Amino acid sequence: MPKLLLKGGHVMDPANKRDGAFDVLIDDGKIADVQPAMAANGAQTLQVKGLLVTPGFVDLHTHLREPGREDKETIETGCQAALRGGFTTICAMPNTTPAIDQRGIVDLIQREAQRLNLARVAVVGAVTKGREGKELTDFGELFDAGCIGLSDDGAPVADAFLMRRGLEYAKLFGRPLIQHAEEPALFGQGVMHEGLVSTTLGLAGIPSESESIMVARDIALAALTGGWVHFAHLSSASSVDLIRQAKRRGLRVTCEVTPHHLALTEDVVGEFNTTAKVNPPLRTEADRQALIEGLRDGTIDCIATDHAPHTDWEKSADFDAAPFGISGLETALAVCAEVLVKPGLLTWSQLIEKLTVKPATIAQLPAGTLSVGAAADLTIIDPQAAWTIEPKSFVSKGRHTPFAGRTVTGKVVKTLVGGVERLA
Amino acid sequence: MATTATPVHTTQWTRKDLLGLRELSAEEIHLILQTAESLREISLRPIKKVPALRGKTVVNLFFEPSTRTRTSFELAAKRLSADIVNIAAQSSSLSKGETVLDMVKNLEAFKVNFLVIRHAAAGVPHLIARHATSAVINAGDGAHEHPTQALLDAFTIKEKKGRIEGLNVSIIGDIAHSRVARSNIWGLTKLGAHVTVCGPPTLMPPAIEQLGVRVTYKVEDAIKGADVLMLLRIQHERQEHMLIPSLREYRLRYGIDAQRLKGAKPDVLIMHPGPVNRGVELESSVADGPYSVILDQVTNGLAVRMAVLYLLSGNQKDEEGLLHA
């Protein structure tokens, strides 16, 4: 493979505190050098003037649907969507059919990802067998197979005793249990945030406390056990407060937030807009502001997409019947740039940190960095490019997004995995 | 400011569908009530039929069981000379991969003109309306809206009281799960009534006061000074979901009996969308008593539904005209 020189770009590599004009030399699929100005010396040169050169994004929370619901997404289409969105590593969630609760299924996903050779796929295993919340999976086997964490995502680990034992046992491996924080009895039959909009539409509501009570419980269990709990897709102000306090106490607690919870509120549901049906639900403006503040002050560690593709026919059902989920990989960067960078809430560099080194650290993956010797996984961004979100042009099979039709600024123009351009 | 006094309306009906009262203006509501007023006498004739909707087809597509609303729409259509088909669809029959929209597209392939929809899920008529060329009438969607019920309620109040503006109307019962309550809140507040909602806190949805109503948990407060008491049916299943401890407890706190009614105005109206749970929200003697207009509501429902069909048909393309051109 010839050497490749990315010339004239603005490198943002928060892991190495780089934010300025650098050239990047890639050799044998790895970062060979990062210097202010380098001569080509026979390397193939790619002019990236006016563009941002960042580590490839890492998504802690992707639903690839394979095996089981290949009509919603496949590993192939999911990886293509990831590359389109600038993600070079995605973590596949285990709520597949069958659930990722044993080594064979982890292997199957990893083999298929290697065969495709698109984005890198890490796997999140299930906490309980069949995600039924009754018996723990064989954690050791799953971690040996390469799982970066365990989660029953889509459903909470509701049983406090099971969660306690899981947190304790996972200490042996130094990896997190990823909790979909939701108290089932309070969640009930809810389909959207409980408030004025749910009252107006006559829809069953999901109170914020459905999430924050579970967050509070698991913080208590983290204190009891010394285990590591990572909270998926935070949605409410009260959860952010609880985690802020827990971190001050020095507990092993991390968490993520999605672009849609940072950008939108319950109002987007409008008149039964199922593209805005997502779990946890879009909540109030006060919640949205608290999530942004949590991201700014470091309470929230990183951004994750919760990319949750569904078929058109399922999402075009009535609001009660339509499944929860937003197709998020292809819009994540632009939505975050629009909501966080444009109003000056985060700098570009801070945003890139939340999409790269931060999630890579939680997943304990050697990704999200342009350190010399690291895999040459890079994302090249045109921060000025305006474009309109058009779900029909998504490469994901999931074409439902509440951002449809929005004009946004900031576009991924190239994605390199192992030094090879995967997205032209 | 909404005015109810003047019967002079120049408003034209321009909507394809009737999905709820939230989106209607006071003028549009008046137009429906006024049209119902003029169509009402058809049902008093020996030959209860006019040719207004001759050649039009109405489909009653009910995913939830209903006797009175379905019958009311059926008679309304027949008295206007439309053809009507009743479909009692079980939501469960759609579980084999067929969606509600598939079913509607099939019905539309028969070139029907009206789809009257009842469904246990909020928003189904709206979903259908976005995809259908027929006029869609919401006959009750989950806990969302039941516009023709609220229209017939307004019609009945106006008939009995001569006005709606300035009246005190108390809606008592399971507000949280009631489409009748929501449609009445929209309709009556637009027409200038002062609406109070009353029920136990467990049956009161969050932020309801932001819809412009007074909230009270005490039934005595709701009764005192009210011109109209509108009772809602308490579903037995509410007990199972721990929303009320028992039906007995509900009856003791909220049931309207002769004793409680002593606190009401002497000319109070007792209304109920039916079917009445006798001995729970309403004592039999009150349901059948002199203040009760429950059967007038049923009668007026027919006129209101005729008016809705009539107005919506006026906004449809004249297919006959095309044929004869």
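Worth knowing before you read on, the calculation uses all heavy atoms, side chains too, and leaves out hydrogens, waters and symmetry mates. All chains are named by letter (A, B, ...) in the order of the sequence lines, taking the proteins before the strands, and each is independently numbered beginning at 1. Since this is a predicted model, take the numbers as computed values, not measurements.
- A salt bridge links E285(A) with R288(A): at least one charged nitrogen is closer than 4.0 Å to a carboxylate oxygen.
- Using a 4.5 Å cut-off between non-hydrogen atoms, no part of residues 232-245 of chain A approaches chain B.
- Note on ring orientation: taking the six-membered ring where Trp is involved, the planes of F63(B) and H119(B) are tilted (angle from 30° to 60°).
- Side-chain contact between H126(B) and H144(B) is present, with at least one heavy-atom pair separated by less than 4.5 Å.
- If you tally non-hydrogen atom pairs under 4.5 Å between each of P205(B), A122(B), A207(B) and chain A, the highest count goes to A122(B).
- Under 3.5 Å, the side chains of T311(A) and E314(A) contain a donor-acceptor pair of N or O atoms.
- Heavy atoms closer than 4.5 Å to chain A are found nowhere in R179(B), neither backbone nor side chain.
- Counting heavy-atom pairs closer than 4.5 Å to chain A, the top residue among A121(B), G142(B), S178(B) is A121(B).
- For the pair R305(B) and F73(B), the distance from NZ or CZ to the six-membered ring centre is under 6.0 Å and the angle to the ring normal is within 45 degrees.
- Taking the charged nitrogens against the carboxylate oxygens, E28(B) and R15(B) do have a contact shorter than 4.0 Å, which makes a salt bridge.
- Using a 4.0 Å cut-off between a side-chain N of Lys or Arg and a carboxylate O of Asp or Glu, R130(B) and E271(A) do not qualify as a salt bridge.
- Shown are H193(A), E194(A), H261(A), E211(A); of these, the side-chain hydrogen bond (donor to acceptor under 3.5 Å, both in side chains) with R283(A) is made only by H193(A).
- Proximity to chain B is absent for every atom of T274(A), based on heavy atoms less than 4.5 angstrom apart.
- With a 4.5 angstrom heavy-atom cutoff, L127(B) touches chain A only via side-chain atoms.
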